[in-house]
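Letters go in sequence order (proteins before strands), and every chain restarts at 1. Computed from a predicted structure; not experimentally measured.
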Protein chains: 2
Amino acid sequence: MSDGLARTLFALSDANRLKIVELLKTGPLPVGEIAVQLQLNQPQTSKHLKVLLEADIVRMEPVANRRIYHLRTEVFQGITAWSQSFEQQMVSRMVRLEAYLEQQQKSVDSEGVNKDGG
Amino acid sequence: MSDGLARTLFALSDANRLKIVELLKTGPLPVGEIAVQLQLNQPQTSKHLKVLLEADIVRMEPVANRRIYHLRTEVFQGITAWSQSFEQQMVSRMVRLEAYLEQQQKSVDSEGVNKDGG
DNA sequence: TATCTATATACCCTTTAAGGAATATTCCAA
DNA sequence: TTGGAATATTCCTTAAAGGGTATATAGATA
């Protein structure tokens, strides 16, 4: 899992590819249109799209002369789930910490009764 | 926004750093402990932690001789929100598409009446 | 102060990434 | 089958990343 995720995150870790992905969020586009809108050279655009393609972040639909690139939604569901697992983990750790501190507090209280208050 | 996000994603796009992050999910740890558990050399571990630190994915707490690294939860909230924005965008595009197709269907139906079925 | 532990940095090496320019490829149309 | 448009691939160059080893630094302790 981590290996595939690393690849996915790597594909998204480049500023230009991030722009491409944001652009495709508005709808599928052919290479040339992406290049124009983002002011990228066509070869660079193709190369970035290849990276995104191999990371399963986009899919390609050939239409006559052109290649239309579509965003794949599944990947983002995976990222969301993964990312959320951290938030949840933090929350449950926090809950455990609170329980622990509460427990500690009780110990201190009862010790105080036995040991005298100073 | 995209720029900072690219840096964040890049920090998470390495297999070893991903492992570190997963490990820290279980709780804060000093460098040496991370290195041992992940079977990494100490210098590599420090270097990876530096990357994570500069991307605000972890924070460092010096305790005597050692440096305890903690996961920061805020970053993941940001990633979650960003990732979810794609899923939502896809959904609303889907809704619009459905509406469009429905509209088209109505046109076809009424044209059918005028144009004859042969 | 000398020393030990824990960690960070520096330096070297190898691999890889990204941009640019040129070229190959694919598909369409005449 | 020739030409043109859209896209992919190749080659080159430069920058940066990641691993390894050695070394510097910070804090604790005798």
Side-chain angles (χ1 to χ4, degrees), chain A residues 2-24 26-72 75, chain B residues 2-24 27-72:
Chain A
S2 286
D3 195 32
L5 180 59
R7 158 164 261 165
T8 301
L9 295 177
F10 176 77
L12 293 169
S13 73
D14 175 82
N16 282 328
R17 284 195 293 267
L18 219 40
K19 286 180 193 163
I20 291 178
V21 163
E22 295 280 356
L23 180 57
L24 289 181
T26 66
L29 287 174
V31 178
E33 192 63 25
I34 298 171
V36 167
Q37 295 217 27
L38 300 183
Q39 309 200 58
L40 296 173
N41 295 331
Q42 177 268 313
Q44 269 71 280
T45 307
S46 283
K47 278 187 257 185
H48 283 311
L49 285 168
K50 186 179 184 182
V51 175
L52 292 172
L53 194 63
E54 289 174 345
D56 285 326
I57 293 171
V58 300
R59 68 186 168 81
M60 189 268 282
E61 173 199 12
V63 172
N65 223 0
R66 299 179 303 173
R67 313 283 182 96
I68 314 294
Y69 283 86
H70 302 250
L71 213 49
R72 303 191 104 164
V75 184
Chain B
S2 285
D3 195 33
L5 180 58
R7 157 164 263 166
T8 300
L9 295 177
F10 176 77
L12 293 170
S13 73
D14 175 81
N16 283 327
R17 284 195 294 268
L18 219 41
K19 287 181 193 163
I20 291 177
V21 164
E22 294 280 356
L23 180 56
L24 289 182
L29 287 175
V31 178
E33 191 64 26
I34 297 171
V36 167
Q37 295 217 28
L38 299 183
Q39 311 201 60
L40 297 173
N41 295 330
Q42 177 267 312
Q44 269 69 283
T45 307
S46 283
K47 278 188 257 185
H48 284 312
L49 285 168
K50 186 178 184 181
V51 174
L52 293 172
L53 194 62
E54 289 174 345
D56 285 325
I57 294 171
V58 300
R59 68 186 168 81
M60 189 270 281
E61 173 200 12
V63 172
N65 223 0
R66 300 179 301 172
R67 313 284 182 95
I68 315 293
Y69 283 86
H70 302 249
L71 212 50
R72 303 191 105 164

Using atom CG of B:D14 as one end and atom P of C:dT16 as the other, report the distance to the nearest whole Å. 14 Å
Distance below 4.0 Å between A:Q44 side-chain N/O and C:dG20 OP1 or OP2: yes
Protein-nucleotide distance (B:L49, atom CG; C:dT7, atom P), rounded to Å: 10 Å
What nucleotide, of C:dA18, C:dA8, D:dG18, holds the atom closest to the side chain of A:F10? C:dA18
Specify the separation, in whole Å, of atom CG of A:N41 and atom C1' of C:dA22. 13 Å
Taking only N and O in the side chain of B:Y69, is any of them less than 4.0 Å away from OP1 or OP2 of C:dA8? yes
Could you tell me whether the side chain of B:L5 reaches within less than 4.5 Å of the side chain of A:L12, counting heavy atoms only? no
Separation of C:dA18 P from A:E54 CD (nearest whole Å): 12 Å
Spell out yes or no: do the side chain of B:Q42 and the base of C:dA8 have one donor N/O and one acceptor N/O closer than 3.5 Å? yes
Walk me through it: do B:V51 and B:D14 pass the test side chain to side chain contact (heavy atoms under 4.5 Å, CB included)? CA-CA 10 Å; B:V51 174; B:D14 175 81; over 6 Å; no
Residue pair A:S13/B:I68 against DNA chain C: nearer the 5' end by closest nucleotide is B:I68
Please examine the side chains of B:S46 and B:Q42, heavy atoms only from C-beta on, and report whether any two atoms are closer than 4.5 Å. yes
Protein proximity profile, nucleotides 24-30 of chain C - base contact B, sugar-phosphate-only contact S, no contact -, cut-off 4.0 Å on heavy atoms: --BBS--
Specify the separation, in whole Å, of atom NZ of B:K47 and atom C1' of C:dT9. 9 Å
Can you tell me if B:N16 touches the phosphate of D:dG19, counting only side-chain N or O atoms and a distance under 4.0 Å to OP1 or OP2? yes
Under 4.0 angstrom between A:H48 side-chain N/O and C:dG19 OP1 or OP2: yes
What I'd like to find out is whether the side chain of B:N16 reaches to under 4.5 Å of the side chain of B:Q44, using heavy atoms alone. no
With a 4.5 Å limit on heavy-atom distance, are the side chains of B:I20 and B:L49 in contact? yes
Below 4.5 Å, heavy atoms only, C-beta onward: do B:D56 and B:T8 meet side chain to side chain? no
Euclidean distance, atom CG of residue B:L52 to atom C1' of D:dG18 [Å, nearest integer]: 14 Å
Do B:E33 and B:Y69 have side-chain heavy atoms sitting under 4.5 Å apart? no
Quick check: on DNA chain D, is the nucleotide nearest A:P43 upstream (toward 5') of the one nearest A:R66, or the reverse? Name the residue that is more 5'. A:R66
Atom NZ of B:K19 and atom P of D:dG18: how far apart are they, to the nearest Å? 14 Å
Strictly below 4.0 Å: does A:R17 bring a side-chain N or O up to OP1 or OP2 of C:dA18? yes
d(CD1, A:I20; P, D:dT7) in whole Å: 13 Å
